[in-house]
> 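First, the structure itself, so that you have it in front of you.
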Amino acid sequence: MPSPNLDELKARIEAHSRRLTEALEQIRDPRSLEELRNEFLSRKRGVVTLLFEDLKTVDAEAKREAGRLVNALKTEAQSVLDAIAARLAEAAPAAKAGADSAPDPTLPGERRPYGAAHPLRLFQREIEKIFLDMGFAIEDGPEIETDFYNFGALNFPPNHPARDQWDTLYVGDDLMLRTHTSPVQIRVMEKRRPPIRIIIPGKVFRKETPDPTHAAMFFQMEGLVVDEGVTFAHLKGTLEYVLKRLFGEKTKVRFRPSYFPFTEPSAEVDIECLQCGQKDPACRVCGGTGWKEILGSGLVDPQVFKNVNIDPERYSGWAFGMGIDRLAMFSLGIPDIRYFYENDLRFNRQFTLR
Ligand code: FA5
């Protein structure tokens, strides 16, 4: 017959053993693990210590068996604690990584750079606005052109020097990077009948050696007006108005006779050098002349009208092609056209639309 003290001790040990089995599943953090270790193995008040003290109450003949059971519980407690510790150690790196990627609201926020329009684009919009106010529409066309649109329909004779490789970047026998925005005049006049009042901003390409006022890729803005009774006076008045709105009422502008195959008569337009104020004989922008050419212009040649089936007896027109970069240099006070194309954000960020 087993001693009643032994039975009672066995029941308590079984209860503690069940508690250990549950803890093996449930404990998820080092703090609970430490509490469990103290609960079972603390030398003063731990379950195992108290059970060893209780051995004193067990009958002499059952002591050996009772001692074996308490020792077994001690071993079980130790191995459960070790197993939980191992499991927590394995999960620790993942938990740490989780903590690292969690947002820390005390840190300064990450700066997200704002995209911004390029200074040339901003200036282009300024010119566009002036023309839109006057009732012009905006058109565009392809940057890769055929010989017909870039030269032929614009009345360039087959042996014109502009067609040779010093100026033109060919990408095929009949295909080239357009050297000016004028081919879009032809494309629009082929499709539309007068009255026409358009501007055509866009990129153009030339085989140039870059210098402070020349780039191999730059922007032009073409203008074209076709209607009955259009004269050179309209061209002059319009351009003077636009340039004065851009640069101020007192800005000096001059028209010089010139030649383009697709306009007759033709004129180039200069403005006073706003870089040196016409004062520096060594100015790198105007070369000391005090003037800088900004556009070519003229009355549309009757032959061009014939090429697109517009009656030159009834209609007349004018056109111009201005260098957006050159004007932007003056407007923004930039001494070298190449700054526009260096993609230096410290430069680009200085400009906002006025
Ligand atoms: C032309 O390109 C003509 N298509 C302009 C035209 C249009 C005349 C309509 C008549 C009627 P030109 O090659 O001169 O012309 O160029 C026009 C303007 O582009 C120049 O006045 C200048 O402001 C600018 N430009 C020319 N070459 C460069 C370059 N390499 N870099 C920057 N700007 C340039």
Side-chain angles (χ1 to χ4, degrees), residues 120 123-124 127 139 141 145 149-151 153-156 160-163 166-169 176-189 196 198-226 230 232 234-236 238-239 242-243 246 253-271 273-275 285-287 291-305 316-331 334-341:
L120 279 176
F123 186 66
Q124 177 186 319
I127 310 176
E139 293 282 349
E145 268 300 4
Y149 287 108
N150 199 76
F151 294 131
L154 286 165
N155 213 22
F156 281 79
H160 195 280
R163 292 177 180 232
W166 293 107
D167 278 314
T168 308
L169 295 155
M176 66 203 67
L177 301 179
R178 69 179 176 190
T179 57
H180 50 176
T181 41
S182 304
V184 190
Q185 287 188 32
I186 303 297
R187 290 182 176 277
V188 171
M189 287 191 287
I196 293 170
I198 55 168
I199 50 169
I200 307 150
K203 267 185 219 144
V204 302
F205 310 82
R206 291 184 192 178
K207 192 170 180 294
E208 294 262 19
T209 304
D211 68 22
T213 58
H214 290 85
M217 188 217 80
F218 56 99
F219 286 80
Q220 284 191 341
M221 174 144 346
E222 193 84 5
L224 174 69
V225 170
V226 184
V230 171
F232 201 95
H234 298 134
L235 166 67
K236 196 160 183 270
T238 305
L239 286 176
V242 171
L243 293 171
L246 281 173
V253 176
R254 75 176 185 191
F255 283 68
R256 269 184 298 110
S258 185
Y259 168 76
F260 295 99
F262 43 97
T263 47
E264 181 58 35
S266 304
E268 281 179 318
V269 176
D270 303 336
I271 59 169
C273 178
L274 297 170
Q275 185 63 34
V285 169
C286 67
W291 295 95
K292 193 69 206 169
E293 178 208 316
I294 49 163
L295 62 88
S297 64
L299 291 186
V300 179
D301 192 292
Q303 184 58 47
V304 174
F305 280 143
S316 56
W318 51 256
F320 67 83
M322 62 169 64
I324 295 182
D325 306 57
R326 295 240 180 119
L327 288 172
M329 284 173 69
F330 286 141
S331 175
I334 291 156
D336 196 315
I337 196 171
R338 291 167 290 193
Y339 292 168
F340 287 130
Y341 299 106

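Only heavy atoms go into these numbers, but all of them, side chains included; no hydrogens, no water, no symmetry mates. In each ligand, atom 1 is the first atom listed, and ligand 1 is the first ligand listed. Quick caveat, the model's predicted, so the values are computed rather than measured.
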> Under 4.0 Å from a heavy atom of Gly323: give me the atoms of ligand 1 that qualify, with their elements.
18 (C), 19 (O), 23 (O), 24 (C)

> Hey, which atoms in ligand 1 end up nearer than 4.0 Å to a heavy atom of Ser182?
4 (N), 7 (C)

> Can you report which non-hydrogen protein atom sits closest to atom 22 (C) of ligand 1, along with the distance?
Arg326 NH1, 3.4 Å

> Does any N/O atom on Glu208 come nearer than 3.5 Å to any N/O atom on ligand 1?
yes

> Do the ring planes of His180 and Phe151 sit parallel (below 30°), tilted (30 to 60°) or perpendicular (above 60°)?
tilted

> How does Thr213 reach ligand 1, if at all, at less than 4.0 Å between non-hydrogen atoms: by side chain, backbone, both, or neither?
backbone

> Please check: side-chain N/O of Arg326 versus main-chain N/O of Glu293, any donor-acceptor pairing under 3.5 Å?
yes

> For Gln185, counting its heavy atoms only, list the atoms of ligand 1 lying under 4.0 Å from any of them.
9 (C)

> Got a donor-acceptor contact below 3.5 angstrom from the Asn155 side chain to the Val304 backbone?
no

> Considering the heavy atoms of Thr263, write down every atom of ligand 1 situated less than 4.0 Å from one of them.
10 (C), 11 (C)

> Val285 and Phe330: side chain to side chain contact (heavy atoms under 4.5 Å, CB included), yes or no, with the steps?
CA-CA 10 Å; Val285 169; Phe330 286 141; 3.8 Å; yes

> For Ser266 and Phe260, indicate whether the former's side chain and the latter's backbone hold a donor-acceptor pair under 3.5 Å.
yes

> Find the distance between CE (Met322) and CG (Leu239) and round it off to the nearest 0.5 Å.
6.0 Å

> Given Arg206, Glu222, His214, Met322, which has its nearest heavy atom closest to atom 1 (C) of ligand 1?
Arg206

> Using a 4.0 Å cut-off to any heavy atom of Ala319, which atoms of ligand 1 qualify?
9 (C), 11 (C)

> Could you tell me if any non-hydrogen atom of Leu295 lies under 4.0 Å from any atom of ligand 1?
yes

> Assess the residue pair Leu243 and Val269 against the criterion (side chain to side chain contact (heavy atoms under 4.5 Å, CB included)); give the C-alpha distance rounded to whole Å, side-chain angles, the decisive distance to 0.1 Å, and a yes or no.
CA-CA 10 Å; Leu243 293 171; Val269 176; 4.1 Å; yes

> Would you check the N or O atoms of Phe260, main chain and side chain alike, for any that come under 3.5 Å of an N or O of ligand 1?
no

> Any idea which protein heavy atom is nearest atom 19 (O) of ligand 1, and the distance to it?
Gln220 NE2, 3.3 Å

> Decide whether an N or O pair under 3.5 Å exists between Asp325 and ligand 1.
no

> Identify which one of Glu222, Glu145, Glu139 satisfies the salt bridge (Lys or Arg N to Asp or Glu O under 4.0 Å) criterion when paired with Arg187.
Glu145

> Any donor-acceptor pair under 3.5 Å linking the side chain of Thr238 with the backbone of His234?
yes

> Which of the atoms in ligand 1, numbered in the order shown and given with their element, are less than 4.0 Å from a heavy-atom of Glu293?
14 (O), 20 (C), 21 (O), 23 (O)

> For atom 23 (O) of ligand 1, what's the nearest protein heavy-atom neighbour? Residue, atom name and distance, please.
Ile294 O, 3.0 Å

> For Phe262, which part has a heavy atom under 4.0 Å from ligand 1: side chain, backbone, both, or neither?
side chain

> Of all the non-hydrogen atoms in the protein, which one sits nearest to atom 31 (N) of ligand 1, and at what distance?
Ala215 N, 3.0 Å

> Taking N or O atoms only and a 3.5 Å limit, does Phe218 qualify as a polar contact for ligand 1?
no

> Does Asp167 use its side chain to pair, donor to acceptor, with the backbone of Arg206 at less than 3.5 Å?
no

> Which of these, Val184, Ile198, Val226, sits in a side-chain contact (heavy atoms from CB on, under 4.5 Å) with Met189?
Val226

